[in-house]
There are 2 protein chains.
Amino acid sequence: MKYSVVIVEDHILLSQALSGLVNGFAKFKILYICKNGKELLTRFKDPKNIPDIVLMDINMPIMNGIETTAALKEQYPQVKVLALSVEEDENTILKMLRAGAKGYLLKDTEKSILENALIQVQETGFYHTKDVTNLLLGSLNPKEENNVMLKDREVEFIKHACTEKTYKEIANDMCLSPKTIEGYRDSIFEKLNLKNRTGLVIYAIKSKLFVP
Amino acid sequence: MKYSVVIVEDHILLSQALSGLVNGFAKFKILYICKNGKELLTRFKDPKNIPDIVLMDINMPIMNGIETTAALKEQYPQVKVLALSVEEDENTILKMLRAGAKGYLLKDTEKSILENALIQVQETGFYHTKDVTNLLLGSLNPKEENNVMLKDREVEFIKHACTEKTYKEIANDMCLSPKTIEGYRDSIFEKLNLKNRTGLVIYAIKSKLFVP
DNA sequence: TTTAAAAAGGGGTAAATCCCCCTTTTTTTT
DNA sequence: AAAAAAAAGGGGGATTTACCCCTTTTTAAA
């Protein structure tokens with residue numbers, strides 16, 4: 001009896017190709033393929049569609065891998081999620097692991113490693129490369145506080161700041177006094193150690209608060 | 001006799017999965033896989049390694065798809081390049097086609113479409129989806145001049161502008177008068193129809209002049 | 001040697017940044 | 001429940017930077 005695997009991945013060509021790969025493994029077979037997390041949750045309503053393992057991409061439209069993994073942890077904790085992504089950003093990986101992923105694979109890996117990862121996740125409950133393990137260890141002692149807390153209002157302001165609008169126009173759009181906007185800016189500059197609006201824009205894009 | 005295909009793609013898992021897919025097609029077989037353009041050109045030194053078709057990713061480290069395709073057009077014009085990318089940006093697609101690609105496929109396509117594309121490229125010399133064809137038609141009458149020519153010095157300035165430096169500091173770093181820098185900025189703003197530095201930063205990142 | 005471009009500059013206005021300061025409300029702590 | 005702290009909103013005024021228009025010099029090209 002083979003273990004069942006579901007692929008959640010928005011790029012059809014990759015998911016179909018992966019499907020072929022996994023079906024070639026001795027112990028696994030693909031149950032079906034989904035294009036995003038929402039589709040997956042819909043499918044899960046039928047118990048026959050619940051697999052042993054979900055191979056989950058992170059960057060997807062509609063419902064991304066992190067949200068989906070968190071939802072699965074809530075509703076279907078027996079399903080093991082193996083994350084699969086090009087994303088090497090530390091925070092993203094940590095978010096995914098916190099959401100309940102049992103393993104994290106880069107797309108830049110050998111197929112034999114994928115097979116090993118699947119086997120380990122199924123049999124021992126987790127699979128992690130050295131890199132991810134080190135990352136986990138590093139995140140235990142939160143060294144220099146990488147995750148600065150920005151308030152909702154500030155985040156909203158930052159998105160406006162990533163446009164050609166002046167602060168006065170932003171104030172108008174957010175129904176606030178220009179002085180309040182200046183206050184947001186100043187506190188953000190201080191928290192993030194920024195010098196000017198250009199720095200803020202770069203930060204916003206790096207941290208995905210704003211997608212250009 | 002099957003047509004030979006080489007995959008150039010930096011994500012090993014995808015290239016291996018694709019490899020399985022293509023080997024499953026009746027008329028095609030994978031000759032080998034490369035991780036980037038440089039590796040491909042090295043391989044090509046042995047004539048036995050020259051395939052009928054190259055399946056080429058665009059975003060690669062070391063030597064990207066556009067450079068590589070241009071090089072192939074020069075040195076091995078008989079080899080047909082089929083571009084394969086997640087990139088939907090118009091300029092990127094046009095650059096790739098100008099570099100000599102015979103077709104452009106999004107990774108978000110069915111495997112049957114990949115097979116069709118390979119067949120068409122091999123037999124008729126090109127394959128294009130409706131979207132790409134429309135894009136080509138649009139680029140013939142260069143309507144609103146999508147490809148503004150930026151001078152080298154201006155591009156260099158833009159990269160500096162994507163930092164927290166003031167224009168004065170940029171002038172210093174580029175060994176120019178602040179007034180010259182202002183001149184660069186003004187001409188760029190006019191060419192690209194920008195209002196301020198924030199707009200410039202967003203433009204630079206969108207067009208990949210600056211990678212955050 | 002004209003012609004154009006690149007580089008440099010002057011001066012003015014608006015925007016951004018940076019200091020101080022304040023009140024009110026909400027949340028947390030004691 | 002009272003006190004303290006944090007969050008949200010607002011201000012005055014000074015300095016710097018950014019932005020814009022227009023001119024001159026220097027350099028490179030035709």
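So you know, we letter chains A, B, ... as the sequences are listed, proteins then strands, and number each from 1.
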(message) Could you tell me how far apart A:Asn172 (CG) and C:dA15 (P) are, to the nearest whole angstrom?
(response) 13 Å

(request) Return the nearest nucleotide to the side chain of A:Tyr184; candidates are D:dG9, D:dC20, C:dT17. (result) D:dG9

(request) Rounded to the nearest angstrom, tell me the gap between atom CZ in A:Phe157 and atom P in D:dA7. (result) 18 Å

(message) Just N and O in the side chain of B:Lys151: are any of them under 4.0 Å from OP1 or OP2 of C:dA6?
(response) yes

(request) Could you please name the option among C:dT17, D:dC19, C:dA7 that lies closest to any side-chain atom of B:Tyr167? (result) D:dC19

(message) Is it the case that atom NZ in A:Lys165 sees more than 12 heavy atoms from other parts of the structure closer than 6.0 Å?
(response) yes

(request) Check whether any side-chain nitrogen or oxygen of A:Thr180 sits under 4.0 Å from OP1 or OP2 of D:dA8, and answer yes or no. (result) no

(message) Can you measure B:Leu194 atom CG to D:dC20 atom P for me and round it to whole angstrom units?
(response) 10 Å

(request) Select one nucleotide: of C:dT17, D:dG9, D:dT17, the one nearest the side-chain heavy atoms of B:Lys168. (result) D:dT17

(request) Rounded off to whole Å, could you give me the CD-to-P distance for the B:Glu164 and D:dT16 pair? (result) 19 Å

(message) Can you tell me the base-pairing partner of C:dT30? Count Watson-Crick or G-U wobble geometry only, both distances below 3.5 Å, and say none if there is no partner.
(response) D:dA1

(request) Give the rounded distance in Å between these two atoms: CD of A:Glu169 and C1' of C:dA14. (result) 12 Å

(request) Return the nearest nucleotide to the side chain of A:Arg197; candidates are D:dT17, C:dA16, C:dA8. (result) C:dA16

(request) Would you indicate whether the side-chain heavy atoms of B:Glu156 and B:Asp152 approach each other to under 4.5 Å? (result) no

(request) Specify the separation, in whole Å, of atom CG of A:Asp186 and atom C1' of C:dC21. (result) 13 Å

(message) Could you tell me if the side chain of B:Tyr32 sits less than 4.5 Å from the side chain of B:Arg43, heavy atoms only?
(response) yes

(request) Taking only the side-chain nitrogens and oxygens of B:Ser177, find out if one of them lies under 4.0 Å from OP1 or OP2 of C:dG9. (result) yes

(request) Counting heavy atoms from C-beta on, name the nucleotide in C:dA16, D:dC20, D:dG9 closest to the side chain of B:Arg185. (result) D:dC20

(request) Give the rounded distance in Å between these two atoms: CG of A:Asn193 and P of C:dC18. (result) 11 Å

(message) By nearest heavy atom, map B:Glu154 and A:Thr198 onto DNA chain C; which one lands nearer the 5' end?
(response) B:Glu154

(message) I'd like to check B:Tyr3 versus B:Ile119 (side-chain heavy atoms, cut-off strictly below 4.5 Å). Are they in contact?
(response) no

(request) Tell me, please, whether B:Tyr167 has B:Arg185 positioned over its six-membered ring: NZ or CZ under 6.0 Å from the ring centre and within 45 degrees of its axis? (result) yes

(message) Without decimals, in angstroms, what is the distance between B:Asn196 CG and D:dT16 P?
(response) 22 Å

(message) Let me spell it out: for each of A:Thr166 and B:Leu176, pick the nucleotide of DNA chain C with the closest heavy atom. Which residue's pick is nearer the 5' end?
(response) B:Leu176

(message) Checking contacts here: which listed nucleotide (D:dG12, D:dT17, C:dT17) is nearest the side-chain heavy atoms of A:Lys179?
(response) D:dG12

